[in-house]
Structure formats: structure tokens, C-alpha cells
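As C-alpha cells, the structure follows; a few thoughts come after it.
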Amino acid sequence: MEDSIEVILQDQVLPSSRPHPVFSACTGALLAGLYGVWSLFVLPGFRKIPWKLKVPYLPSSKEQTLNAMKLLEGRTGRLADLGSGDGRLVFAASSAGFQCTGFEINSILVALARSRARWTGVPSTRAAFVKSDFWKTDLSAYNNVTAFLAPGVMEALAEKLLAELPDGARVVACRFPFPRWPHQASAGAGLDQTFAYDIGAVRSHLRRVPSAAC
């Protein structure tokens, strides 16, 4: 993402003549401020995560959140949102009756989600936001898991969830499916598509087709 910012800066159309010093100073301050705001939301906590497991913050759309909730209809219990960002999926799930925990390493986003919960009167018993690395957290107590991460980490996440979740658990992946798991249902299309996986069914499939687990 830093590279994309550099490209944007390089593509700025500036006059061929030497700009006024005040203009240069103001422009530089503005761009530095924008970069600083971006860094606050994307970078905190990244140094604690192995490079191959890092995922930049990208908020889910309203449609994607609604699609995720469609795949959780009829279910109850505890829900873990992995990389919860500003908490929008956690709030949606908590309003549907789930006892939710949002795992997020970015302290700014955790503070934002907690502030929103206080402002809207959502108790922590329904929507808790923890500054924690979910890769190092035992998720066996959750029977519902949602994740909007990145393609490069889905195989590693699959291994973790298979090792920890109970057979009755359901996993909802937003936009990026698990490469070797058969999904039981999906909702939406394109960038807003979501996929539902029942852990018991996934384990049965992997036992029947051992090569799929490799």
C-alpha cells in the first residue's frame, strides 16, 4: 500500500515552473498529514505479526456485512470476528443475538470500535473488542467465526481453525474463500461475496479426499 501512495504522489500534476515556497510547504504538510492518518489505521501492531500473516485494514462494505449475516441466520452462540477493524460486523452480529468478540491488533481501530459501542449503548457482554493477535488465541470456545482477511493467509487460517474449532462451528469467509474447503453456502457476488463452511463437513471432506488437505 505504501507503494501505491508513492505512485499517487508521483502522478500528481505540478506546474513546470518552480512552485511558490508557501505552496510547497502547505502541499507537503497536507500529504504528510494524510500519510500519517493512513499509517495510524494500517500500521499499529504490524511489527508483532510475521510478515506472511500481515493483512492491511480494509473495511467491509454494507453489502458484504449483510451477506455474512445471511450465512449466519438461524445460528446462535459465541462469535469471533478475526481482524474486526472498526467493528461493523461485530455490531451487526451482536444485534442478531450473538455474543461477539472482535480481535484486532490495531489499537486505533479497537478504540474506535469501543467508543462506538459505548456511544450506541452496546454492552461488552454482547460486543467485546480486544487488542489481541488472533493467531495466538485459542478459538475453541467459539462456534461461529467470521474473517475478512487476504488470500495469502487463508491456508494458514484453515489449519488453525481445523485444529481448534468444534465440529458444530461455522466459519464465514468474506470475499476470499478457503482454497481447499468445500463451502456449504454462499451469498452475494464479486467483491461482496461471502462463503460459509461447516467445520464438521469440512473435516469429513478432507478425510474422504486426503489430497485436499495437502
Side-chain angles (χ1 to χ4, degrees), residues 1-5 8 29-51 53-72 77-139 141-142 144-154 157 160-161 171-176 187-188 191-194:
M1 193 171 291
E2 288 185 65
D3 292 340
S4 64
I5 291 178
I8 292 173
L30 176 61
L31 294 176
L34 291 173
Y35 182 85
V37 171
W38 172 82
S39 299
L40 282 174
F41 281 90
V42 177
L43 296 179
F46 257 31
R47 295 182 181 87
K48 300 178 182 179
I49 306 297
W51 178 258
L53 300 180
K54 292 180 179 180
V55 179
Y57 169 59
L58 182 64
S60 57
S61 67
K62 178 181 178 180
E63 286 302 315
Q64 186 181 81
T65 301
L66 291 174
N67 289 335
M69 294 309 302
K70 289 177 183 177
L71 299 180
L72 291 169
R78 301 187 67 188
L79 181 145
D81 187 25
L82 310 182
S84 55
D86 61 6
R88 62 188 66 191
L89 201 153
V90 168
F91 288 117
S94 66
S95 68
F98 290 93
Q99 182 184 353
C100 305
T101 302
F103 292 91
E104 176 59 55
I105 61 170
N106 186 314
S107 57
I108 303 297
L109 292 172
V110 171
L112 179 65
R114 288 175 177 172
S115 296
R116 183 182 174 190
R118 286 193 295 270
W119 179 261
T120 55
V122 179
S124 59
T125 53
R126 286 174 49 197
F129 298 94
V130 295
K131 184 179 181 300
S132 178
D133 179 4
F134 68 79
W135 294 105
K136 299 177 181 178
T137 302
D138 182 358
L139 301 174
Y142 296 92
N144 302 280
V145 174
T146 56
F148 178 24
L149 299 174
V153 304
M154 298 307 286
L157 180 61
K160 175 178 174 61
L161 298 181
V171 179
V172 175
C174 299
R175 187 178 299 179
F176 306 114
L191 297 180
D192 295 324
Q193 188 170 10
T194 56

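Side chains included, hydrogens not; waters and symmetry mates left out as well; all remaining heavy atoms used.
- Separation of atoms CD1 (I105) and CD1 (I108) is listed at 12.5 Å; rounding is to 0.5 Å.
- Side chain of R175 to main chain of L191: a donor-acceptor pair is present (N/O by atom type, distance under 3.5 Å, no hydrogens or angles).
- Closest heavy-atom contact between M154 and A173: CE-CB, 4.1 Å.
- The minimum heavy-atom distance between A96 and M69, with the atom names listed, is CB-CE, 3.7 Å.
- Using a 4.5 Å heavy-atom cutoff, the side chains of F148 and L89 are not in contact.
- Applying the side chain to side chain contact (heavy atoms under 4.5 Å, CB included) criterion to A111, with sequence neighbours excluded, gives no partner residue.
- A pairwise comparison of heavy atoms in G188 and Q193 identifies O-CG, 3.6 Å as the closest pair.
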Just distance, no hydrogens or angles: give the donor-acceptor pairs under 3.5 Å from side chains in residues 118-125, sequence neighbours left out.
| from | atom 1 | to | atom 2 | distance (Å) |
| --- | --- | --- | --- | --- |
| R118 | NH2 | S115 | OG | 3.4 |
| T120 | OG1 | R116 | O | 2.7 |
| T120 | OG1 | A117 | O | 3.4 |

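- The side chain to side chain contact (heavy atoms under 4.5 Å, CB included) search around P151 returns F176, not counting sequence neighbours.
- Taking the side chain to side chain contact (heavy atoms under 4.5 Å, CB included) definition, one finds that D192 meets it with S61, E63, Q64, N67, sequence neighbours left out.
- From T146, atom OG1 reaches atom CG of L82 across 6.5 Å, with rounding to the nearest 0.5 Å.
- With sequence neighbours excluded, the residues satisfying side chain to side chain contact (heavy atoms under 4.5 Å, CB included) with A113 are F129.
- In terms of heavy-atom proximity, V90 sits nearest to G102 at CG2-CA, 3.9 Å.
- Side-chain contact between T137 and V130 is absent, with no heavy-atom pair separated by less than 4.5 Å.
- Applying the salt bridge (Lys or Arg N to Asp or Glu O under 4.0 Å) test to K160 and every residue at least two apart in sequence or in another chain returns E164.
- Here the CG-OH distance, from L161 to Y142, works out to 13.0 Å after rounding to the nearest 0.5 Å.
- A distance of 7.5 Å separates CG in D81 from SG in C174, rounded to the nearest 0.5 Å.
- Here the closest heavy-atom approach between residue S60 and residue R88 is recorded as O-NH1, 2.7 Å.
- Within the 4.5 Å cutoff, the side chain of F103 has no heavy atoms near those of the D133 side chain.
- To the nearest 0.5 Å, atoms CG (L149) and CZ (F134) are separated by 4.5 Å.
- The shortest side-chain heavy-atom distance between L157 and V171 does not fall under the 4.5 Å cut-off.
- Checking side-chain atoms of E104 against main-chain N and O of G85 turns up a donor-acceptor pair under 3.5 Å.
- The OG atom of S84 sits 8.0 Å away from atom CG of L109, with the distance rounded to the nearest 0.5 Å.
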